[in-house]
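Here the structure comes first, spelled out in structure tokens, and everything after it is commentary.
Both counts, for ligands and for their atoms, begin at 1 and track the order of listing. FYI, side chains are in, hydrogens and waters are out, and symmetry mates aren't considered; it's all heavy atoms of this structure.
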Amino acid sequence: AKAAMDAGLHAPSSSAMLSQDDLKKIAAYKAVEYVESGMVLGLGTGSTARHAVDRIGQLLRQGKLKDIVGIPTSMKTHDQALSLGIPLSDLDAHPVVDLAIDGADEVDPFLNLVKGRGGSLLREKMVEGACKKFVVIVDDSKLVNFLGGSGLAMPVEVIRFCWKFTAARLQKLFEDAGCVAKLRTGEKEEPFVTDNGNYIVDLYFEGSIGDLKAASDAILQLAGVVEHGMFLDMATTVIIAGELGLTVKNK
Ligand code: ABF
């Protein structure tokens, strides 16, 4: 209820009136309760993380937080944080991050994640892999029994050079799981280009990915691959907002 009140939403008598965006905001505001003055903060990307960044900016302005340094996980978040007056830095200057807050596309029962449907998986993995505490914020639509289980994409960032060759090799790796590899494109069918100048190949699975660690290793062994969107054993806390309230899961 506190996170909901902070988010400007009245503690609902009928929570069914909350939109999905309200749930994202409640999860984000709850996560910001973990932020303390003086921290180096990983700033996530996406419509859920956006609420957390807004809230951090607000608390800074109100003087309730001090001496924060933000490490953005995308150009979009960089621009948002800059407009809010959040002091920014990078991993070169701050190789240890105290806390990162970010959204996810899928969360499995072991707190493994699929991320990157927003296209920022590489910087997210670098920043969130460098943090002491990684708090993931989701609405309950993101919960799955197994990764790849939502029928939506598992993204892989690849270099542009001969991306078709890399996509074909990715698809072949998972042919037993009925995998289909597709280049991510924009509105005019132009390839989507990441902040790092690379392409994204989205993998769609019919069945389960299987052993996640083995899948991760196999993907990373392909020379044209830069990084993939499975975040295994990285989240320390997941905050889930649903119609019935907040659930906090710790590793
Ligand atoms: C980022 O934003 C991602 O890694 C993930 O792809 C996405 C989730 O976006 P949203 O919060 O808008 O659902 O955290």
Side-chain angles (χ1 to χ4, degrees), residues 3 7 18-32 34 41-56 70-81 97 99-108 111-131 133-144 147-158 182 184-186 192-196 198-205 212 216 219 226-242 246:
L18 292 174
S19 69
Q20 196 180 22
D21 192 55
D22 292 337
L23 296 178
K24 292 176 180 187
K25 194 169 179 184
I26 290 170
Y29 275 51
K30 178 72 187 167
V32 175
Y34 291 69
L41 283 181
L43 305 175
T45 300
S47 60
T48 315
R50 185 173 182 82
H51 288 304
V53 177
D54 278 341
R55 176 67 169 160
I56 291 163
I71 316 274
T73 54
S74 64
M75 284 314 297
K76 206 167 178 184
T77 300
H78 171 276
D79 295 348
Q80 182 199 358
V97 179
L99 166 70
I101 300 174
D102 201 358
D105 300 305
E106 293 184 5
V107 180
D108 82 4
L111 312 190
N112 293 315
L113 317 170
V114 168
K115 288 172 54 57
R117 286 188 196 136
S120 310
L121 64 109
L122 176 58
R123 295 187 189 196
E124 290 173 352
K125 200 174 269 190
M126 288 180 74
V127 173
E128 289 147 18
C131 65
K133 198 166 170 55
F134 175 26
V135 178
V136 175
I137 44 179
V138 290
D139 63 83
D140 58 3
S141 69
K142 307 287 184 63
L143 301 181
V144 295
L147 296 191
S150 64
L152 298 172
M154 206 281 279
V156 182
E157 182 154 348
V158 303
K182 284 190 189 153
R184 188 176 302 181
T185 53
F192 172 87
V193 178
T194 70
D195 282 345
N196 319 299
N198 298 313
Y199 287 166
I200 298 273
V201 171
D202 284 316
L203 303 182
Y204 297 87
F205 294 89
L212 298 175
S216 164
I219 294 172
V226 182
E227 192 48 83
H228 62 70
M230 281 184 283
F231 284 47
L232 307 181
D233 206 18
M234 287 179 66
T236 49
T237 299
V238 177
I239 298 175
I240 304 147
L246 278 172

*Looking only at distance, does Gly119 have an N or O less than 3.5 Å from an N or O of ligand 1?*
no
*Is Ala49 close to ligand 1, meaning an N/O of one under 3.5 Å from an N/O of the other?*
no
_Nearest non-hydrogen protein atom, atom 4 (O) of ligand 1_ = Glu124 OE1, 2.6 Å
*asked:* Donor-acceptor pair, distance only, cut-off 3.5 Å: does the side chain of Thr73 make one with the backbone of Arg123?
replied: no
*Just need the protein heavy atom nearest to atom 8 (C) of ligand 1, so name the residue and atom and give the distance.*
Asp105 OD1, 3.5 Å
*SB check Glu106 Arg117 (cutoff 4.0 Å)*: yes
*Proximity flag Asp102 to ligand 1, non-hydrogen atoms under 4.0 Å*: yes
*Nearest non-hydrogen protein atom, atom 11 (O) of ligand 1*: Thr48 OG1, 2.6 Å
*May I ask you to list the atoms of ligand 1 that are less than 4.0 angstrom from any heavy atom of Gly103?*
14 (O)
*Among all residues two or more places apart in sequence or in another chain, which pass the side-chain hydrogen bond (donor to acceptor under 3.5 Å, both in side chains) test with Lys182?*
none
*Answer with yes or no whether the side chains of Lys76 and Thr45 bring together a donor and an acceptor at under 3.5 Å.*
no
*Within the distance-only criterion (no hydrogens, no angle test), does the side chain of Asp195 pair as donor or acceptor with the backbone N or O of Met75 below 3.5 angstrom?*
yes
*Which of the listed options, Ser47, Gly44, Ala27, holds the heavy atom that is closest to atom 10 (P) of ligand 1?*
Ser47
*What's the shortest distance from atom 2 (O) of ligand 1 to any protein heavy atom, and which residue and atom give it?*
Thr45 O, 2.8 Å
*asked:* Looking only at side-chain N and O atoms, does Ser19 offer a donor or acceptor that is under 3.5 Å from a partner on Asp21?
replied: no
_Qualifying residues under side-chain hydrogen bond (donor to acceptor under 3.5 Å, both in side chains), relative to Ser120, sequence neighbours excluded_ = none
_Need the ligand 1 atom indices (1-based, order shown) with element for anything under 4.0 Å from a heavy-atom of Gly116._
3 (C), 4 (O), 5 (C), 6 (O)
*asked:* So for Lys142, does at least one of its heavy atoms come nearer than 4.0 angstrom to any atom of ligand 1?
replied: yes
_Ignoring hydrogens, what is the shortest heavy-atom contact between Lys24 and Ser47? Give both atom names and the distance._
NZ-OG, 2.8 Å
